[in-house]
K.L.:
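Starting off with a structure, shown below.
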Number of protein chains: 2
Amino acid sequence: MSLREKKAAKKREDILRSASLVIARQGYQHATMEDIAAELLMTKGSLYYYFKNKQELLFYCHDLILSKAISKMEKIQREDISAEDKIKKAIKAHVAIAIEEKEIFNLIIEPEQIFSEEHIGRIIEKRDRYTGFFDQFIEEGIRNGEFNLKQKKMARMMIMGAVNWTQVWYSAAGEYDKKEIQTIYAEYLVKMLV
Amino acid sequence: MSLREKKAAKKREDILRSASLVIARQGYQHATMEDIAAELLMTKGSLYYYFKNKQELLFYCHDLILSKAISKMEKIQREDISAEDKIKKAIKAHVAIAIEEKEIFNLIIEPEQIFSEEHIGRIIEKRDRYTGFFDQFIEEGIRNGEFNLKQKKMARMMIMGAVNWTQVWYSAAGEYDKKEIQTIYAEYLVKMLV
DNA sequence: TTGAAGATTGACTTGTAATTCAAAAAAAGA
DNA sequence: TCTTTTTTTGAATTACAAGTCAATCTTCAA
């Protein structure tokens, strides 16, 4: 990769980072291309040099987070610990993402409202890959007798839902800190499974 | 109330009903005043005769659903059954609302994105009144020994989150029907509390 | 040093949807 | 019926933000 290409790649990353930031502050609908550009001391015209349009910019923001999330899960998957500990770690990791990436994470929740056909397929696929890890951990626990439940899928959805919800109410200044939430969520939600 | 006033009141209700419908179909951002008017065989100019603006129209849609939800809870509250049964009924009721009112319910989740100061206060207040019922049921269960947990508030949030999430994935054509979801959610989530 | 490729600009176009409003139509009451 | 009030209309206005593009500036390799 030439110097120029490296620079361009870095710029793309910078844009994604700033876009994430602005979206986190203002929400997707209210974050304008101008706002995102301003954050980088650029003009919006430039953004279009790097990304075809707002939707595509969004798509890559989204994709970045999902990729990070998936690699966390892969790491957990490889660890040599009980299924219970795996699902607990997974819950904690998911809490962290939901809290730290607030608004962008929201997009993962409701892609249909924002993305068009072309992106949706890829998003759903990747999202399924992510949630699949939770299914695996649950199944592992059932197989080796740690857990006991029939409705695996619904249990997973309850867990995801509970955790995704933190995104709505969590505030850094609030009553609970992240660590507390992680611990308690992991503990309580696992009680559903055993 | 004169005939005229009654008619106007009825029209306001009709508008709220149609608006709910259109929003349920298209989501808030994509439901235009024109769409809402078309549903009623009116023109959008008329809507402004009954509601100051789109936001206010929305506010009343929202308020209507929340009112219905609260009165369901009040009914459960008055019943002479165990705390466990109360929370189970509450969960089932909440599942029903989340599924049936999909998009409008969404507004309850994220009012900050849409409403301005003037409405937000009233919304939050009413929403708190609603979630307060869940707190009451949980506390009741703790008091009389049915439940055993320290983190009441977080438990409530996990329950609400899990249930709110159904709204995202539930589809009438999908794998599970409403009743199934209600039963399993109530059963599993209560396992967290005991 | 220089000129071609790459990057940036900002004014402009476009599209959408909310909101306004004067005029017309409908309804009610005298 | 006639007059006044209420309701509806649809065309015009307004606001906002996405996306375009010709012109300009920057960079870097020769």
Side-chain angles (χ1 to χ4, degrees), chain A residues 1-23 25-62 103 107 113-119, chain B residues 1-23 25-62 103 107 113-119:
Chain A
M1 214 196 296
S2 75
L3 181 64
R4 268 238 158 91
E5 284 172 302
K6 273 186 205 155
K7 270 196 177 174
K10 185 179 172 305
K11 193 118 219 180
R12 279 174 67 94
E13 274 179 44
D14 285 348
I15 293 172
L16 289 179
R17 217 188 333 276
S18 293
S20 300
L21 206 77
V22 175
I23 292 164
R25 260 207 308 265
Q26 309 175 12
Y28 174 67
Q29 298 287 353
H30 299 104
T32 69
M33 291 298 266
E34 220 141 21
D35 295 333
I36 294 167
E39 183 70 29
L40 288 147
L41 309 177
M42 295 175 121
T43 56
K44 71 174 163 179
S46 270
L47 294 182
Y48 287 91
Y49 184 75
Y50 294 96
F51 296 93
K52 203 171 89 228
N53 53 35
K54 190 178 177 186
Q55 195 179 115
E56 196 179 285
L57 174 51
L58 240 293
F59 173 75
Y60 285 109
C61 282
H62 179 283
E103 297 295 332
L107 304 178
Q113 294 270 327
I114 286 157
F115 295 106
S116 61
E117 282 307 328
E118 40 165 337
H119 290 321
Chain B
M1 215 196 299
S2 75
L3 180 64
R4 269 236 158 91
E5 282 172 302
K6 273 187 206 155
K7 268 196 179 174
K10 186 180 171 305
K11 193 119 217 180
R12 279 173 68 93
E13 274 178 44
D14 285 349
I15 293 172
L16 290 180
R17 217 187 334 274
S18 294
S20 300
L21 206 77
V22 175
I23 291 163
R25 260 206 308 265
Q26 309 175 12
Y28 173 66
Q29 298 287 354
H30 299 105
T32 69
M33 291 298 267
E34 216 141 19
D35 295 334
I36 294 167
E39 184 69 30
L40 288 147
L41 308 178
M42 295 175 122
T43 56
K44 67 180 162 175
S46 271
L47 294 182
Y48 287 89
Y49 184 74
Y50 294 97
F51 296 93
K52 203 170 90 227
N53 53 36
K54 189 178 177 186
Q55 196 179 111
E56 196 179 286
L57 174 50
L58 239 292
F59 173 75
Y60 285 109
C61 281
H62 179 283
E103 297 296 331
L107 304 178
Q113 296 269 325
I114 287 158
F115 295 105
S116 61
E117 283 306 329
E118 39 164 338
H119 290 321

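Below, chain A is the first sequence line, B the second, and so on; all start at residue 1.
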K.L.:
What is the distance, rounded to the nearest whole Å, between atom OH of B:Tyr48 and atom P of D:dT13?
P.N.:
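Those two atoms, OH and P, are 17 Å apart.
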
K.L.:
Starting at atom CD of A:Glu5, determine the distance to atom P of C:dA7, rounded to an integer number of angstrom.
P.N.:
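Taking atom P of C:dA7 as the reference, CD of A:Glu5 is at 9 Å.
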
K.L.:
Would you mind checking if B:Asp14 and B:Arg17 are paired as a salt bridge, meaning a charged N to carboxylate O distance below 4.0 Å?
P.N.:
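Yes.
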
K.L.:
Rounded to the nearest Å, what distance is computed from the CG atom of residue B:Leu40 to the P atom of nucleotide D:dT8?
P.N.:
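The answer, rounded to whole Å, is 10 Å.
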
K.L.:
For the pair made of NZ in A:Lys44 and C1' in C:dT13, what is the distance, rounded to whole Å?
P.N.:
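Rounded to whole Å, this separation is 11 Å.
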
K.L.:
B:Gly45 or A:Leu47: which one's nearest nucleotide on DNA chain C is closer to the 5' end?
P.N.:
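Result of the comparison: A:Leu47.
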
K.L.:
Could you check how far NZ of B:Lys54 sits from P of C:dT16, rounded to whole Å?
P.N.:
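Answer to the nearest Å: 15 Å.
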
K.L.:
Identify the two heavy atoms, one from B:Thr43 and one from B:Ala37, that lie closest to each other, and give their separation to 0.1 Å.
P.N.:
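Result for this residue pair: C-CB, 3.5 Å.
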
K.L.:
Taking only N and O in the side chain of B:Tyr50, is any of them less than 4.0 Å away from OP1 or OP2 of D:dT8?
P.N.:
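Answer is yes, contact under 4.0 Å.
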
K.L.:
Ignoring backbone atoms, establish whether A:Lys7 has a side-chain N or O less than 4.0 Å from OP1 or OP2 of C:dG6.
P.N.:
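No.
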
K.L.:
Output the single nucleotide from D:dA17, C:dT9, D:dT9 whose closest atom is nearest the side chain of A:Thr43.
P.N.:
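Among the listed nucleotides, the one closest to the side chain of A:Thr43 is C:dT9.
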
K.L.:
Does NZ or CZ of B:Lys54 lie under 6.0 Å from the centre of the six-membered ring of B:Tyr28, at an angle within 45° of the ring axis?
P.N.:
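Here B:Lys54 passes the 6.0 Å and 45° test against B:Tyr28.
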
K.L.:
At less than 3.5 Å, do the side-chain atoms of A:Lys11 and the base atoms of C:dA7 form a donor-acceptor pair?
P.N.:
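Between C:dA7 and A:Lys11, which were checked side chain against base, a qualifying N/O pair under 3.5 Å is absent.
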
K.L.:
Could you state the NZ-C1' distance from A:Lys52 to D:dA18, rounded to the nearest angstrom?
P.N.:
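It is 14 Å, rounded to the nearest whole Å.
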
K.L.:
Closer than 4.0 Å, any side-chain N/O of A:Ser46 to the OP1 or OP2 of C:dT9?
P.N.:
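Yes, within the criterion.
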
K.L.:
Considering just the side-chain nitrogens and oxygens of B:Tyr49, establish if one lies under 4.0 Å of OP1 or OP2 belonging to D:dT8.
P.N.:
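Indeed not, no polar side-chain atom of B:Tyr49 lies that close.
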
K.L.:
How far apart are the C-alpha atoms of A:Arg25 and A:Leu21, what are their side-chain angles, what is the distance that settles it, and do they pass the side-chain contact (heavy atoms from CB on, under 4.5 Å) test?
P.N.:
CA-CA 6 Å; A:Arg25 260 207 308 265; A:Leu21 206 77; 4.3 Å; yes

K.L.:
Expressed in angstrom and rounded to an integer, what is the separation of A:Ile36 atom CD1 from D:dA17 atom C1'?
P.N.:
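Interatomic distance, CD1 of A:Ile36 to C1' of D:dA17: 12 Å.
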
K.L.:
Once you round it to whole Å, what is the distance between P of C:dT16 and CD of B:Gln26?
P.N.:
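After rounding, the reported distance stands at 15 Å.
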
K.L.:
How far apart are the C-alpha atoms of B:His119 and B:Leu58, what are their side-chain angles, what is the distance that settles it, and do they pass the side-chain contact (heavy atoms from CB on, under 4.5 Å) test?
P.N.:
CA-CA 10 Å; B:His119 290 321; B:Leu58 239 292; over 6 Å; no

